[in-house]
Engineer: 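This is the structure I want to talk about, given as structure tokens.
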Amino acid sequence: MVAGRGQTDDAFETQLRQAITTSVLGGMPHGTSDDRDLVARLRHYEQQPRLSSQTRQVIASARRLLGDEAGGGGEP
């Protein structure tokens, strides 16, 4: 393990979770084309192998809130 890498990943994931939460809650009500773009980005993020389970849960919850029927499954 590279020294300091865990802290960097934690900081990145913390910022990612905050950005997702802000994007989803700040955009209420939903159902716009921007939501489809955000869902596509969330699906992309969800495919990253090094994400923590906490970050994956935030992504899955955001996808469900945006009406993505496949939310949490990692598939479009």
Side-chain angles (χ1 to χ4, degrees):
M1 178 175 213
V2 176
R5 181 174 177 155
Q7 292 175 343
T8 302
D9 289 347
D10 290 341
F12 169 77
E13 287 198 32
T14 297
Q15 289 179 345
L16 178 61
R17 289 190 300 267
Q18 289 172 345
I20 290 169
T21 301
T22 299
S23 295
V24 172
L25 295 180
M28 296 289 223
H30 298 292
T32 67
S33 62
D34 289 338
D35 286 348
R36 288 189 296 274
D37 293 339
L38 181 55
V39 167
R41 286 193 311 248
L42 291 171
R43 288 176 180 169
H44 174 76
Y45 291 142
E46 198 170 39
Q47 297 302 314
Q48 303 307 310
R50 295 183 181 176
L51 291 180
S52 69
S53 59
Q54 182 180 8
T55 299
R56 289 183 189 282
Q57 180 59 46
V58 168
I59 291 170
S61 296
R63 288 177 60 190
R64 281 191 300 274
L65 284 171
L66 293 170
D68 187 20
E69 296 299 323
E75 298 178 15

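Numbers here are sequence positions counted from 1.
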Engineer: Classify the side-chain pair Arg56/Ser53 by whether it contains a donor and acceptor separated by less than 3.5 Å.
Structural biologist: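 No, no side-chain donor-acceptor contact under 3.5 Å.
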Engineer: Between the side chain of Arg63 and the main-chain N/O of Val39, is any donor-acceptor distance below 3.5 Å?
Structural biologist: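 Absent.
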Engineer: How long is the straight-line distance from CD of Gln15 back to OG1 of Thr22, given to the nearest 0.5 Å?
Structural biologist: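 Here the rounded value is 11.5 Å.
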Engineer: Identify the two heavy atoms, one from Leu51 and one from Tyr45, that lie closest to each other, and give their separation to 0.1 Å.
Structural biologist: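 Residues Leu51 and Tyr45, closest heavy atoms: CD1-O, 3.0 Å.
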Engineer: Is the closest side-chain donor-acceptor distance between Ser61 and Gln57 under 3.5 Å?
Structural biologist: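 There is such a pair (donor and acceptor under 3.5 Å, judged by atom type) between the side chains of Ser61 and Gln57.
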Engineer: What is the distance from atom CD1 of Ile20 to atom CG of Leu66, rounded to the nearest 0.5 Å?
Structural biologist: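 So the CD1 of Ile20 and the CG of Leu66 are separated by 10.0 Å.
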Engineer: Without swapping roles, check the side chain of Glu46 against the backbone of Ile59 for a donor-acceptor pair under 3.5 Å.
Structural biologist: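 Not confirmed, Glu46 side chain does not pair with Ile59 backbone.
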Engineer: Counting C-beta onward and ignoring hydrogens, is there a side-chain heavy-atom pair between Arg43 and Asp68 closer than 4.5 Å?
Structural biologist: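 Side chain of Arg43 against side chain of Asp68, heavy atoms only: contact under 4.5 Å found.
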